[in-house]
Amino acid sequence: MTFIEWLPLAFVCLLGAATPGPSLAIILNQTFSQGANAGRLASISHAIAVGIYAVGAILGLSSLFQAVPMLANILITLGALYLIYLGVMLIRSTNKPEPVINNHSVMANDGVKQAFIIAFLNPKLAVFFFALFSQFIPTSGTSITTATILVGTVLFIDMLWYLAIVQIATTIKKRTQISNKNVRLLKLFQGGLFILIAVNALIFTN
């Protein structure tokens with residue numbers, strides 16, 4: 001694959017990563033509430049889950065989801081229920097004082113799990129990558145080199161995009177004094193957004 005052939009792949013991957021959704025909300029929430037390092041760890045975790053689906057697309061995972069739609073629907077439903085859980089927890093947390101936790105790695109680990117699960121419970125990624133990769137894989141099959149380029153592009157663009165988001169959010173956080181009231185409003189907005197996205201997914205899945 002030449003550099004000119006690779007550019008459209010990278011561009012589409014960037015557009016996919018830049019599309020707003022629950023992943024963006026989780027990364028921002030971790031960055032604003034737990035700090036830049038938590039946001040970076042969540043970004044890396046999310047990229048790994050996306051990379052797994054990229055590998056799955058090459059191995060034919062999307063064909064499995066198309067052959068057994070119920071399996072994809074189950075994953076989508078689980079993802080929606082998890083979003084509702086996160087939304088409710090965020091809304092409930094606005095009525096409680098901020099806990100003082102000395103071990104920030106505990107909170108960072110929560111963000112890592114949340115980012116990974118949100119991406120992993122989105123089987124539409126496999127279908128998206130299958131459609132995308134089909135434009136770059138020869139009909140005779142793919143080589144290890146081509147497969148590595150495809151998966152690596154997906155993984156690193158997703159990771160670099162969210163790392164850039166974390167950096168921007170960190171800069172905004174440093175330059176802006178965010179009051180406790182605004183933090184509560186942000187959590188209410190994010191919690192409500194998670195629930196709305198989940199309800200939408202459940203309606204259109206079933």
Side-chain angles (χ1 to χ4, degrees), residues 13-55 75 78-122 124-125 151-198 201:
C13 289
L14 179 59
L15 288 179
T19 302
S23 298
L24 176 62
I26 284 177
I27 300 299
L28 287 176
N29 179 61
Q30 285 299 308
T31 304
F32 282 125
S33 62
Q34 313 302 344
N37 287 336
R40 294 185 186 110
L41 289 173
S43 299
I44 294 171
S45 175
H46 185 274
I48 290 173
V50 169
I52 290 174
Y53 269 122
V55 173
L75 288 176
L78 288 175
L81 293 176
Y82 185 65
L83 272 179
I84 291 174
Y85 165 76
L86 291 179
V88 171
M89 294 302 292
L90 277 171
I91 292 172
R92 288 183 61 186
S93 69
T94 61
N95 298 321
K96 300 177 182 178
E98 291 294 326
V100 178
I101 302 178
N102 295 324
N103 187 3
H104 292 284
S105 63
V106 174
M107 295 182 290
N109 287 338
D110 288 340
V112 168
K113 289 186 291 186
Q114 290 175 11
F116 183 89
I117 291 173
I118 284 300
F120 189 74
L121 292 179
N122 184 8
K124 293 180 181 178
L125 287 174
V151 174
T153 299
V154 167
L155 192 153
F156 282 104
I157 286 182
D158 185 88
M159 180 175 65
L160 292 175
W161 170 259
Y162 282 113
L163 287 175
I165 292 296
V166 170
Q167 188 60 43
I168 293 171
T170 302
T171 302
I172 294 174
K173 183 180 178 182
K174 288 180 179 178
R175 295 181 179 180
T176 307
Q177 295 296 327
I178 302 178
S179 65
N180 289 333
K181 180 180 179 180
N182 289 334
V183 170
R184 288 195 294 270
L185 289 175
L186 180 61
K187 287 184 176 182
L188 283 172
F189 173 76
Q190 289 179 324
L193 180 63
F194 283 177
I195 293 173
L196 285 176
I197 293 174

Leu24 and Ile165: CA distance, side-chain angles, deciding distance, side chain to side chain contact (heavy atoms under 4.5 Å, CB included) verdict: CA-CA 8 Å; Leu24 176 62; Ile165 292 296; 3.8 Å; yes
Side chain to side chain contact (heavy atoms under 4.5 Å, CB included) evaluation trace for Ile117 with Leu78: CA-CA 10 Å; Ile117 291 173; Leu78 288 175; over 6 Å; no
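Rounding to the nearest 0.5 angstrom, the gap separating the CD1 atom in Ile157 from the CG atom in Leu15 is 9.5 Å. Annotation: the span from Ile172 atom CD1 to Phe32 atom CZ amounts to 5.5 Å, rounded to 0.5 Å. In this structure, Leu83 CG and Gln114 CD are separated by 10.0 Å, a value rounded to the nearest 0.5 Å. Note that the OG atom of Ser43 and the CD1 atom of Ile48 stand 11.0 Å from one another [nearest 0.5 Å]. Remark: Asn37 CG to Thr31 OG1 distance equals 10.0 Å, nearest 0.5 Å. Here the CD atom belonging to Gln30 is positioned 10.0 Å from the OG atom belonging to Ser45, to the nearest 0.5 angstrom.
With sequence neighbours excluded, no residue forms a ring-ring contact (aromatic ring centres under 6.0 Å, His included) with Tyr82. Every residue two or more places apart in sequence or in another chain was checked for a side chain to side chain donor-acceptor pair (under 3.5 Å) with Asn29, and none qualifies.
Side-chain contact between Val88 and Ile195: present, with at least one pair of heavy atoms (C-beta onward) separated by less than 4.5 Å. In this structure, Ile44 and Val112 have side chains that are not in contact, with every pair of non-hydrogen atoms separated by 4.5 Å or more. Side-chain contact between Ile52 and Phe116 is present, with at least one heavy-atom pair separated by less than 4.5 Å. No side-chain heavy atom of Asn122 sits under 4.5 Å from any side-chain heavy atom of Ile118.
Taking the centre of each ring, Tyr162 and His46 come in below the 6.0 Å mark.
Closest of all the heavy-atom pairs between Leu28 and Ala169 is CD2-CB, 3.8 Å. Shortest non-hydrogen contact noted between Gly51 and Val151 is O-CG1, 4.0 Å. Shown here for Ala115 and Ile27, the closest heavy-atom pair between the two residues is CB-CD1, 4.3 Å. Shown here for Cys13 and Val154, the closest heavy-atom pair between the two residues is SG-CG2, 3.7 Å. Nearest approach of Tyr53 to Phe120, heavy atoms of both residues: OH-O, 2.6 Å.
Thr171 places a side-chain N or O within 3.5 Å of a backbone atom of Gln167 that can act as its donor or acceptor partner.
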